[in-house]
Amino acid sequence: MAEVEKLKLRFENVKRKSNNGDVVQDIKEGYVYLDVALDANGKKLKIEKRVRLDKPERMLNKFVTKIKALAEEQYKEKKYYVANKTPPAIDVHLDNEEQVNDKMLPVFEEINQFNKTKNAAVLATSFVEF
């Protein structure tokens with residue numbers, strides 16, 4: 001039976017940023033940019049993620065799915081590619097997924113609300129800590 005490594009991911013924080021210095025312009029162009037800090041089996045990862053605007057639930061689902069895949073790749077690079085080893089199959093588990101969903105959905109809802117109203121005041125959350 002092939003060896004499977006368990007990768008425990010834990011979101012530490014998410015920071016909304018701008019691509020060109022203007023978050024409002026980014027959203028008008030159809031994207032939101034996020035920096036995600038994660039702990040992956042004790043290794044610190046930082047992932048920059050661009051999320052296409054959509055319904056808040058879809059944005060959340062795509063965001064979490066993509067972050068898990070990107071974290072797995074970054075983890076492999078840090079642990080295996082440096083040593084020129086072939087990584088085993090990796091089983092990725094997000095330890096605080098429920099908390100991520102609970103805290104990130106309002107962020108995506110704010111962005112959706114801004115998209116409808118064009119009122120920058122609704123973009124209250126730029127940093128989420130887990």
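Side-chain atoms are counted along with the backbone in the values below, which use heavy atoms only and exclude waters and symmetry mates.
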Could you check whether D35 pairs with K15 (Lys NZ or Arg NE/NH1/NH2 to Asp/Glu carboxylate O, under 4.0 Å)? no

Of the non-hydrogen atoms in L70 and K49, which two are nearest, and what is the gap between them? CD1-CD, 3.8 Å

Applied to residues 89-108, the salt bridge (Lys or Arg N to Asp or Glu O under 4.0 Å) test, sequence neighbours excluded, yields K6-D91, K68-E97

Side-chain donor/acceptor pairs under 3.5 Å, residues 26-33, sequence neighbours excluded:
| residue | atom | partner | partner atom | Å |
| --- | --- | --- | --- | --- |
| D26 | OD2 | N19 | N | 2.7 |
| E29 | OE2 | Q25 | NE2 | 3.2 |

Calculate, to the nearest 0.5 Å, the distance between atoms NZ and CD belonging to K62 and E57 respectively. 12.5 Å

Hey, could you give me the CG/CZ distance between L38 and F130, rounded to the nearest 0.5 Å? 9.5 Å

Where is the tightest heavy-atom contact between L45 and A71, given as atom of each residue plus distance? CD1-O, 3.6 Å

Rounded to the nearest 0.5 Å, what separates atom CD1 in I67 from atom CD1 in I47? 4.5 Å

If you group Ile, Leu, Val, Met, Phe, Trp and Tyr whenever their side-chain heavy atoms sit less than 4.5 Å apart, what else falls in with F127? none

More than 12 foreign heavy atoms under 6.0 Å from NZ of K118: is that the case here? yes

So CG of D39 and CZ of F11: to nearest 0.5 Å the spacing works out to 12.0 Å

So, using salt bridge (Lys or Arg N to Asp or Glu O under 4.0 Å) as the criterion, who are the partners of E77 when residues are at least two apart? none

Run the side chain to side chain contact (heavy atoms under 4.5 Å, CB included) test on N13 and V128 for me, step by step, so that the C-alpha distance in whole Å, both residues' side-chain angles and the decisive distance to 0.1 Å come before the verdict. CA-CA 5 Å; N13 63 61; V128 179; over 6 Å; no

Determine whether L34 and K17 satisfy the following criterion, side chain to side chain contact (heavy atoms under 4.5 Å, CB included), listing intermediate values before the conclusion. CA-CA 6 Å; L34 303 165; K17 64 178 193 167; over 6 Å; no

Ring pair (Phe, Tyr, Trp, His ring centres under 6.0 Å): pairs with one or both residues in residues 69-93, sequence neighbours excluded: none

Can I get a per-line list of side-chain donor-acceptor pairs under 3.5 Å for residues 104-112, giving both atom names and the distance, sequence neighbours left out?
| residue | atom | partner | partner atom | Å |
| --- | --- | --- | --- | --- |
| E110 | OE1 | A124 | N | 3.3 |
| E110 | OE1 | T125 | N | 2.9 |
| E110 | OE1 | T125 | OG1 | 3.4 |
| E110 | OE2 | T125 | OG1 | 2.6 |

Give a yes or no on this: more than 12 heavy atoms of other residues, nucleotides or ligands lie within 6.0 Å of atom NZ of K8. no

Is a side-chain N or O of K78 found less than 3.5 angstrom from the main chain of K44, in a donor-acceptor match? yes

What verdict does the side chain to side chain contact (heavy atoms under 4.5 Å, CB included) test give for K79 and E5, after you've listed the backbone C-alpha separation in whole Å, the side-chain angles of each residue and the deciding distance to 0.1 Å? CA-CA 12 Å; K79 183 168 181 181; E5 180 174 353; 3.1 Å; yes

Audit row: K55, M59, side chain to side chain contact (heavy atoms under 4.5 Å, CB included) steps and yes/no: CA-CA 6 Å; K55 291 182 178 160; M59 288 171 38; over 6 Å; no

